[in-house]
Amino acid sequence: MDPVDQKSRGERESARSAKARSVRADVREAAADERAALADAREADADAREVTADKRKTSADRREVVADARGVEADSREMDADARELLADVRQADAASQARHVEERMRAVDERAVAAELRLAEANVHMQAAKEHLIAAATETATADHRTEDAERLMSFADEQLVVAAAKLAEATSDSEEYQRALFHYTQLVRHRMANPLQVIVGAAATLRARTDLPIDEHLALLDVIVKEAVVLERICLAPKIMDPSEDTLDPTPTLRGHASTAAAGVSGRP
């Protein structure tokens with residue numbers, strides 16, 4: 001085989017190996033992207049659960065505020081009842097003693113009214129805090145939904161890249177197998193066809209070396225035989241063709257999907 005063809009074939013083998021390694025690297029990168037997308041989806045799910053917990057806490061705070069407000073309302077009603085009772089006592093009891101008693105009761109009522117106002121103010125504070133918690137929970141929910149959508153888009157992109165990488169790997173594997181098959185057939189065909197020309201060349205060269213006294217015309221005739229058989233060998237090595245029924249099962253030219261121009265060039269330039 002010509003050294004130039006051997007070098008070219010070696011470069012093509014190296015290129016195919018590099019292509020296969022690149023495809024494997026793409027597959028690994030796509031798998032890594034898919035794992036990152038899954039991690040983002042899990043984090044978004046955790047954020048959504050935290051937002052749900054905040055909502056539940058806000059609902060509990062709101063219930064507590066409503067209960068406090070109802071307690072304040074009950075206290076107010078109780079104070080109204082006490083005031084009515086005081087008025088009834090005033091009408092029925094002695095004016096002086098009942099007046100002092102009424103004053104004491106009124107002071108107690110005033111103290112309870114002040115306490116009720118304080119509890120009402122605290123209830124308003126709790127209501128405001130509950131509203132702020134609701135707003136924060138809504139914001140967190142929107143953020144979690146957005147991150148979930150981003151994670152789904154990343155997973156979809158990773159799936160597409162994985163499919164493309166798998167297709168490239170399958171194509172590279174198929175091309176490599178086809179090259180190996182063509183190389184094997186080329187070796188079988190050349191080995192089968194080179195025996196006779198080599199024997200003729202070796203015999204003519206041995207005769208020329210052993211018979212230095214041959215006439216010039218015989219000497220030239222042997223040289224012509226060597227040149228002729230060397231041309232035959234060159235044709236066999238560079239562009240082998242099927243010439244015998246026993247060689248019908250051999251196909252030294254690789255057939256690659258989507259590489260028609262490369263396959264056509266291989267008929268004249270490689271095994």
Side-chain angles (χ1 to χ4, degrees), residues 1-30 161 163-271:
M1 183 181 296
D2 193 291
V4 175
D5 290 339
Q6 290 181 352
K7 180 178 179 181
S8 176
R9 183 165 58 85
E11 292 176 352
R12 288 193 294 273
E13 291 293 333
S14 298
R16 288 193 295 274
S17 299
K19 180 180 178 183
R21 287 194 297 271
S22 176
V23 170
R24 295 189 187 96
D26 291 340
V27 172
R28 293 173 183 168
E29 183 177 356
Q161 292 299 314
V163 170
V164 172
K168 289 183 178 180
L169 180 60
E171 181 180 350
T173 302
S174 176
D175 289 349
S176 177
E177 292 176 352
E178 177 62 15
Y179 274 116
Q180 294 298 325
R181 181 207 60 76
L183 179 61
F184 177 75
H185 285 194
Y186 171 83
T187 303
Q188 295 294 321
L189 182 62
V190 170
R191 183 179 300 173
H192 182 261
R193 301 276 298 283
M194 287 178 63
N196 291 336
L198 282 176
Q199 289 180 357
V200 173
I201 291 172
V202 171
T207 302
L208 288 174
R209 184 177 61 179
R211 298 288 304 278
T212 58
D213 57 341
L214 284 175
I216 188 64
D217 54 345
E218 294 182 9
H219 187 86
L220 294 176
L222 290 175
L223 289 176
D224 289 339
V225 169
I226 292 174
V227 171
K228 179 181 178 181
E229 295 302 324
V231 171
V232 172
L233 284 178
E234 181 182 11
R235 186 173 62 252
I236 292 172
C237 293
L238 297 181
K241 296 181 181 179
I242 304 302
M243 301 179 64
D244 189 86
S246 62
E247 299 170 347
D248 288 341
T249 58
L250 301 178
D251 183 10
T253 303
T255 303
L256 306 179
R257 296 177 300 174
H259 296 75
S261 59
T262 305
V267 173
S268 60
R270 65 167 179 249

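These numbers were taken from a predicted model, which means no experiment stands behind them. Heavy atoms only: backbone and side chains are in, while hydrogens, waters and symmetry mates are out.
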- [ ] Hey, could you give me the CG/CG distance between L222 and D217, rounded to the nearest 0.5 Å?
- [x] 10.0 Å
Identify every side-chain donor-acceptor pair in residues 205-212 under 3.5 Å, counting partners at least two apart or on other chains, and give the distances.
{"unit_1": "T207", "atom_1": "OG1", "unit_2": "G203", "atom_2": "O", "d": "2.8"}
{"unit_1": "R211", "atom_1": "NE", "unit_2": "D213", "atom_2": "OD1", "d": "3.4"}

TODO: Working to the nearest 0.5 Å, report the span between CG of D224 and NE2 of H219.
DONE: 10.0 Å
Open item on the list: I201 vs L233, test: side-chain contact (heavy atoms from CB on, under 4.5 Å). Steps then yes/no.
Closed with: CA-CA 10 Å; I201 291 172; L233 284 178; 3.5 Å; yes
Task: Smallest separation among heavy atoms of A165 and V23, with atom names - done: O-CG1, 3.5 Å
Task: side-chain contact (heavy atoms from CB on, under 4.5 Å) between L169 and R24, worked out - done: CA-CA 7 Å; L169 180 60; R24 295 189 187 96; 4.2 Å; yes
